[in-house]
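First comes the structure, then the notes that go with it.
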Amino acid sequence: MTRHEGRLGALAAVDAPAAELADRMVGLSVRGLPPGYADGMFVFTRRGRRGDDGRWTAVPEGRSVRYSAIVALGAAALPEDRQRDALAGDTVHDLVGNLLKELPAVANLGDAALIAWAAAESGHPDLDAGLRRLAELEGAVRPGDPVHTVEVSWALAALVAAHRVAGSGDGLSGRLDHARERLLTGLRGDRLYRHVLGPASWYRAHVGCFADQVYPLQALARLHAHTGDGDALKAAEQIAAGICAAQGPEGQWWWHYDARTGGVVEGYPVYSVHQLSMAPMALLDLADAGGTSYLKEIALGLHWMTSRPEIDDELIIEELDLTWRKAARDDPKKIVRGVRAVATAINQGSRIGVLDRIYPPLAVDRECRPYELGWLLYAWLFSLPRDTPGKQG
């Protein structure tokens, strides 16, 4: 796909330099994935290490089923020859097969959902195994138990994808309805989503991070595109309008929000993956589903990657084919985040501005996790089908 097609083409019509950056980052992602792939699975991170000569390298660390599943989703949008480029000779079918073999040991609802989602979108014949494990872990969640918003969102996205390819057999329609209800009910009249659906610590119960907005927005947009669910579209529009209204003047997608009001609790860190991938992915899914287009906001977020008020350090590292993870405060104990959570729990809108002077956002987190490159491919190369065009529910 050239940048004049699909999502890149739509962005080019609004902001050509932003589209050129996104196109360049797609190529970087394909080149940057293989160094993190070993024995059929991706590492947890590639951590920057500076040598005596001052040059940076990126050292692989750990292993991650979750990040491997996200890469599978992104790489599935590539033709087979490019899949082999990104996966060190393997295909997405190979990677998804490896992930499905991991399922008996997968105990996290979100991880199982991502594997099932990747199996559905890649057309893997063992999708049923992913759906069974997802059902087992969903069944372990008792009524009233707290569950993370991100995991609930991934479960809904997985079931939408599975329902699209497999139909309503094996109770999929009922499971889809249950997942839909759980996510929509979780908004609870708030402006944005909270981090946890259900009971949470009093001082953090009102807080939702950026991921807690992006993944519900994406899942609900996809549900509407598949079924014409008007309530899902309405909720997705509300979340999109909320994060775009809160976007920073230089395109920053801020980190922590007061779910009750949509106000920003704490802006930093600002993550490269939010700017390049996650915000575009969710907002473009909304547009593909027939919702509002936010191409200008997407473009502004992309431009932050090349011109920022916070730091002079480059975040796109071409010689290593990666992006550094985030621009953050020099606050390793996360004092600002905690204090502002407590302050806003007690008094909505409280900022304690002195913290900005004590902990300015001058630090760079020099690591790159594979999912950052996987979502980048997914954001820009995927195109969401609309199964019920024009239907509003």
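What you see is a predicted model, and the numbers here were worked out from it, not measured in a lab.
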Check: Gln275 side chain, Gly301 main-chain N or O, donor-acceptor pair, under 3.5 Å:
yes
Step-by-step side chain to side chain donor-acceptor pair (under 3.5 Å) determination, Glu151 to Asn108:
CA-CA 9 Å; Glu151 295 177 8; Asn108 179 272; 3.1 Å; yes
Looking at OG1 of Thr91 and CZ of Arg84, how far apart are the two atoms once the value is rounded to the nearest 0.5 Å?
5.5 Å
Verify the neighbour count for atom CG of Asp53: are there more than 12 heavy atoms of other residues, nucleotides or ligands below 6.0 Å?
yes
Look at atom CG of Asp312 and say whether more than 12 heavy atoms of other residues, nucleotides or ligands are closer to it than 6.0 Å.
no
Would Arg46 and Glu367 pass as an ion pair if we require N to O under 4.0 Å?
no
How are the rings of Tyr371 and Tyr67 set to each other: parallel, tilted or perpendicular (split at 30° and 60°)?
parallel
Student check: side-chain heavy atoms of Leu284 and Trp380 closer than 4.5 Å
yes
Side-chain heavy atoms under 4.5 angstrom apart, residues restricted to Ile, Leu, Val, Met, Phe, Trp, Tyr: same cluster for Val165 and Ile115?
yes
Is a side-chain N or O of Ser122 found less than 3.5 angstrom from the main chain of Val92, in a donor-acceptor match?
no
Would you please name every residue forming a side chain to side chain donor-acceptor pair (under 3.5 Å) with Arg366, sequence neighbours left out?
Asp313
Test log, rule side chain to side chain donor-acceptor pair (under 3.5 Å), inputs Ser173 and His163
CA-CA 7 Å; Ser173 291; His163 194 269; 3.1 Å; yes
Is there a donor-acceptor pair closer than 3.5 Å between any side-chain N or O of Gln252 and the backbone N or O of Trp304?
no
Strictly distance-based, threshold 3.5 Å: is any side-chain N or O of Asp331 a donor or acceptor partner for the main-chain N or O of Ile335?
yes
List the atom of Ser153, the atom of Leu183, and the distance in Å for their closest heavy-atom pair.
OG-CD1, 3.7 Å
Judged by atom type as modelled, is there a donor-acceptor pair below 3.5 Å linking the side chain of His124 to the main-chain atoms of Asp126?
yes
Shared hydrophobic cluster, Ile311 / Ile358 (ILVMFWY, side-chain heavy atoms < 4.5 Å)
no
Any side-chain heavy-atom pair of Glu372 and Arg325 under 4.5 Å
yes
Using the benzene-type ring in the case of Trp, are the ring centres of His274 and Trp254 under 6.0 Å apart?
no
Is there a path of hydrophobic side-chain contacts, each under 4.5 Å between heavy atoms of I, L, V, M, F, W or Y residues, that connects Val264 with Val339?
no
Within the side chain of Ser68, is there an N or O that forms a donor-acceptor pair under 3.5 Å with the backbone of Phe42?
yes
Side-chain contact, heavy-atom cut-off 4.5 Å: Pro216 with Thr149?
yes
Applying salt bridge (charged side-chain N to carboxylate O under 4.0 Å, His left out), run through Arg7 and Asp288 and close with a yes or a no.
CA-CA 9 Å; Arg7 293 178 165 188; Asp288 282 354; 2.8 Å; yes
Considering only NZ, NE, NH1 and NH2 on the basic side and carboxylate oxygens on the acidic side, decide whether Asp229 and Arg180 come within less than 4.0 Å.
yes
Can Glu102 and Arg63 be counted as an ion pair, charged N to O under 4.0 angstrom?
yes
Grouping I, L, V, M, F, W and Y whenever their side-chain heavy atoms are under 4.5 Å apart, do Val196 and Val214 come out in a common cluster?
no
Pair Glu266 + Arg329: basic N to acidic O under 4.0 Å:
yes
For atom CZ of Arg188, decide whether the heavy atoms of other residues, nucleotides or ligands shown that lie under 6.0 angstrom number more than 12.
yes
Tell me, do Leu87 and Asp94 make a side-chain contact under 4.5 Å, heavy atoms counted?
no
Candidate pair Thr306 and Glu314, rule side chain to side chain contact (heavy atoms under 4.5 Å, CB included), full reasoning
CA-CA 7 Å; Thr306 56; Glu314 292 296 332; over 6 Å; no
Taking only Lys NZ, Arg NE, NH1 and NH2, and the carboxylate oxygens of Asp or Glu, determine whether Arg222 and Glu121 approach each other closer than 4.0 Å.
yes
Would you please test Thr185 and Leu197 for side chain to side chain contact (heavy atoms under 4.5 Å, CB included) and show each step?
CA-CA 9 Å; Thr185 301; Leu197 306 183; over 6 Å; no
Charged N to carboxylate O below 4.0 Å: is that the case for Asp356 and Arg340?
yes
Validation row: Leu99, Val106 side chains within 4.5 angstrom (heavy atoms):
no
With side chain to side chain contact (heavy atoms under 4.5 Å, CB included) as the criterion, how do Arg50 and Arg55 come out once you've worked through the C-alpha distance, each side chain's angles and the decisive distance to 0.1 Å?
CA-CA 6 Å; Arg50 197 168 196 171; Arg55 298 181 63 183; over 6 Å; no
What's the spacing between Asn98 CG and His93 NE2 if we round to 0.5 Å?
10.5 Å
Any link between Val43 and Val65 through a network of hydrophobic side chains (Ile, Leu, Val, Met, Phe, Trp, Tyr) touching at under 4.5 Å?
no
Given Arg82 and Glu80, is the salt bridge (charged side-chain N to carboxylate O under 4.0 Å, His left out) satisfied, shown in steps?
CA-CA 5 Å; Arg82 295 290 278 159; Glu80 185 174 320; over 6 Å; no
Stepwise side chain to side chain donor-acceptor pair (under 3.5 Å) check, Asp212 with Tyr257
CA-CA 10 Å; Asp212 298 323; Tyr257 303 85; over 6 Å; no
Given side chains that start at C-beta, do those of Tyr378 and Gln218 come closer than 4.5 Å, heavy atoms only?
yes
Are the side chain of His256 and the backbone of Cys209 linked by a donor-acceptor contact shorter than 3.5 Å?
no
Using modelled atom types and a 3.5 Å cut-off, is there a donor and acceptor pairing between side-chain atoms of Tyr193 and backbone atoms of Asp190?
no
Would you say Leu220 and Leu156 make side-chain contact, with heavy atoms under 4.5 Å?
yes
Classify the ring geometry of Trp56 against Trp324: parallel below 30°, tilted from 30° to 60°, perpendicular beyond 60°.
perpendicular
So, does Asp330 use its side chain to make a donor-acceptor pair with the main chain of Ala363 at under 3.5 Å?
no
Would you find a donor on one side and an acceptor on the other, under 3.5 Å apart, between the side chain of Gln83 and the backbone of Asp81?
no
d(Leu11 CG, Leu302 CG) to nearest 0.5 Å is 6.5 Å
Quick check: closest heavy atoms across Arg194 and Ala259, and the distance to 0.1 Å?
CG-CB, 3.5 Å
Show your working on side chain to side chain donor-acceptor pair (under 3.5 Å) between Asp15 and His303 and close with a plain yes or no.
CA-CA 10 Å; Asp15 190 319; His303 287 305; 2.9 Å; yes
Side chains of Leu286 and Leu233 in contact at under 4.5 Å (non-hydrogen atoms):
yes
May I ask you to decide whether Lys234 forms a salt bridge with Glu237, counting only side-chain N to carboxylate O separations under 4.0 Å?
no
Can you spot which of Tyr268, Tyr271, Trp253 makes a ring-ring contact (aromatic ring centres under 6.0 Å, His included) with Phe210?
Trp253
Does the pair Leu373 and Leu28 meet the rule for a side chain to side chain contact (heavy atoms under 4.5 Å, CB included), with working shown?
CA-CA 8 Å; Leu373 306 181; Leu28 179 144; 4.1 Å; yes
